[in-house]
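The basis for the numbers below is simple: all heavy atoms, side chains too, and nothing from hydrogens, waters or symmetry mates.
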Amino acid sequence: MEEAPATLQAADIAAILKALPHRYPFLMVDRIINMRGDESAVGIKNVTFNEPQFLGHFPDNPVFPGVLLIEGMAQTAGAMCVLSQLGGDLPKNVYFLTIDKAKFRKPVVPGDTVEYHVKKIARKKNMWWFRSEAKVAGQIVAEAEVGAMVA
């Protein structure tokens with residue numbers, strides 16, 4: 001019989017900071033909820049006007065950059081990979097491997113709360129691939145398949 005995946009229900013900012021090397025201003029996930037081992041999770045990003053990307057993207061019409069939505073998906077996936085390896089030392093590095101099938105559907109603006117819905121597609125040794133959707137108020141704003149490697 002196959003063993004059920006370890007379940008970690010949520011990760012606060014302190015757990016995310018232990019799992020990922022990213023720091024302000026490049027940390028794109030504030031909290032992770034509904035985590036089911038390395039199978040699935042939902043990352044949360046609260047978008048605020050005082051973030052540095054809004055100085056230039058765009059000064060009169062602040063729009064959260066699509067590339068940072070993809071980064072948030074990857075960071076949620078990477079943290080999930082690390083945190084699912086309970087019982088051992090946390091790995092030192094998580095690397096972004098791939099981006100495929102990326103689509104941007106609606107702009108994200110200050111005041112929005114982005115949910116990164118991440119589901120595992122495959123795993124091979126220390127590499128994972130995920131299908132991810134970024135949602136605001138239940139509406140898909142971006143989607144992609146991302147890959148991560150833990151070293």
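Here the closest non-hydrogen pair linking Ala74 and Val146 is CA-CG2, 4.3 Å. Looking at every heavy atom in both residues, Pro107 comes nearest to Asp112 through O-OD2, 4.3 Å. Minimum interatomic distance between Ala79 and Ile32 (heavy atoms only, all atoms of both residues): CB-CD1, 3.6 Å. The shortest non-hydrogen separation linking Tyr95 to Ala151 is CE1-CB, 3.8 Å. Counting all heavy atoms, side chain and backbone alike, Ile70 lies closest to Ala102 at CD1-CB, 4.1 Å.
The cluster map of Ile, Leu, Val, Met, Phe, Trp and Tyr, joined by side-chain heavy atoms under 4.5 Å apart, puts Tyr116 and Ile13 in the same cluster. Val94 is connected to Val67 through a chain of hydrophobic side-chain contacts under 4.5 Å among Ile, Leu, Val, Met, Phe, Trp and Tyr, so both are in one cluster. Cluster membership check: Ile99 shares its hydrophobic cluster with Val29, using side-chain heavy-atom separations under 4.5 Å among Ile, Leu, Val, Met, Phe, Trp and Tyr. In the hydrophobic cluster analysis, where Ile, Leu, Val, Met, Phe, Trp and Tyr join through side-chain heavy atoms closer than 4.5 angstrom, Val114 is grouped apart from Ile140. Follow the hydrophobic side-chain contacts under 4.5 Å out from Phe96 and you reach Leu20 in the same cluster.
Rounding to the nearest 0.5 angstrom, the gap separating the CZ atom in Arg36 from the CD atom in Gln9 is 10.0 Å. Remark: Arg31 CZ to Thr76 OG1 distance equals 11.5 Å, nearest 0.5 Å. Asp38 contributes atom CG, which lies 11.0 Å from atom CG of Leu83 (distance to the nearest 0.5 angstrom). Atom CG of Leu55 and atom CG of Asn50 lie 10.0 Å apart (nearest 0.5 Å). The CD1 atom of Ile33 sits 6.0 Å away from the CD atom of Glu115 when rounded to the nearest 0.5 Å.
Each of Lys101, Lys103, Arg131 was checked for a salt bridge (charged side-chain N to carboxylate O under 4.0 Å, His left out) with Glu143, and the lone residue meeting it is Arg131.
Contact check for Phe26 versus Leu68: side-chain heavy atoms found under the 4.5 Å cut-off. Residues Leu27 and Leu17 are in side-chain contact: their nearest non-hydrogen atoms beyond the backbone lie under 4.5 Å apart. Side-chain contact check for Trp129 versus Glu145: every heavy-atom pair is 4.5 Å or farther apart. Side chains of Val118 and Ser132 form a contact here, defined as non-hydrogen atoms less than 4.5 Å apart. Between Phe130 and Met73, the closest side-chain pair of non-hydrogen atoms is not below 4.5 Å. Between Met80 and Trp128 the shortest side-chain heavy-atom distance does not fall below 4.5 Å. Asn93 is not listed as a side-chain neighbour of Met149, based on a closest heavy-atom distance of 4.5 Å or more. Using a 4.5 Å heavy-atom threshold, the side chains of Val47 and Phe54 count as touching.
Qualifying side-chain hydrogen bond (donor to acceptor under 3.5 Å, both in side chains) partners for Thr113, counting only residues two or more places apart in sequence or in other chains: Asn46. For Lys135, the salt bridge (Lys or Arg N to Asp or Glu O under 4.0 Å) partners at least two apart in sequence or on another chain are Glu133.
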What do the steps show when you test His22 against Met28 for side chain to side chain contact (heavy atoms under 4.5 Å, CB included), and what is the final call? CA-CA 9 Å; His22 307 83; Met28 295 295 139; over 6 Å; no
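Remark: Tyr24 OH is packed, more than 12 non-hydrogen atoms of other residues, nucleotides or ligands lying under 6.0 Å away.
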